[in-house]
Amino acid sequence: MLQTTSPYLLTKEDMETSDRLPSWLQEEYQTFKRVVTNPEFPCFFGMKAQRKGELRYSYITHDQWDHLGGVLESFLHLMKEPPFTRHGLFLFVEPETRAQSVDYYRSYFWDVLQHLHEQDRYSWPGDKPKDPDHFLWDYHFAGEPVFVFGNAPAYKQRKTRDLGNSLILGFQPRAIFEGLEGTEKGGIMSREKVRARVEKWDNLPTHPDISHFGDPTHNEWKQFFIGDDIKPIEGKCPFHHKDV
């Protein structure tokens, strides 16, 4: 892992006090903050992490992605440092100049993940599937499994996935889900309860592609960028392993 932190890996303090950040990023961060700290926002974990300053942030413009690999590597290194906080990383993409569709943002999302994969300096773990259609496939970077989910302004029904004018990619190392299947001591809310809150917020049933990792009837990649509806995603995963 990198032993230094990328200057593009930003803290809550950076986002709220730095005058070197693009104006569009400052505006989109304020929208993001307002949405996820709403007391009714379904994701209890995200709300709590935002308030406590445990999230990390970064950004890309449409023509500058070269720093992405260093950002994610630095973030994954942070996860291994005491006090071993359950961090999440949110990557803001420069907003579009005109309205775009969910399909457009989904394609952009997978382009970013493909670019990161091409930049990855580490080998894909030898015991992990490279084919996204395998039910045990998950995305890896720097040897670590990472769950990634997309949010975009094109979502009209699934309002929990609309966090402002930017396409926003959320990166969650799989390690942060350990112990969250049920309710731990201290009253930590389970993912099942979060999903019930999402249904209430969106006024839609849980998307049919949402499941749990390891479900043999499930493809993990399909829940990375779900539809704005209740229809299962069809077709092949846009991700292609560079060694296949």
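When only modelled atom types and interatomic distance are considered, Tyr59 and His67 share no side-chain donor-acceptor pair under 3.5 Å. No side-chain donor-acceptor contact under 3.5 Å links Asp103 and Ser101. Remark: the His140 side chain and the Glu144 side chain contain no N/O donor-acceptor pair separated by less than 3.5 Å. In the model, Thr37 has no side-chain atom that pairs as donor or acceptor with a side-chain atom of Gln50 under 3.5 Å.
When the salt bridge (charged side-chain N to carboxylate O under 4.0 Å, His left out) test is applied to Glu54, the partners found at least two apart in sequence or on another chain are Lys52. Residues satisfying the salt bridge (charged side-chain N to carboxylate O under 4.0 Å, His left out) test with Asp138, not counting sequence neighbours, are Arg174. Trp201 meets the ring pair (Phe, Tyr, Trp, His ring centres under 6.0 Å) test with Phe41; sequence neighbours excluded.
Ring centers of His212 and His218: at least 6.0 Å apart, outside the cut-off.
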Trace of the side chain to side chain contact (heavy atoms under 4.5 Å, CB included) decision for Leu9 with Leu89: CA-CA 9 Å; Leu9 184 63; Leu89 169 65; 3.8 Å; yes
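With hydrogens and angles ignored, the 3.5 Å screen pairs a side-chain donor or acceptor of Arg158 with a backbone N or O of Gly227. With hydrogens and angles disregarded, a donor-acceptor distance shorter than 3.5 Å links the side chain of Ser166 to the backbone of Val93.
Counting non-hydrogen atoms of other residues, nucleotides and ligands closer than 6.0 Å to CG of Asn203 gives a total of 12 or fewer.
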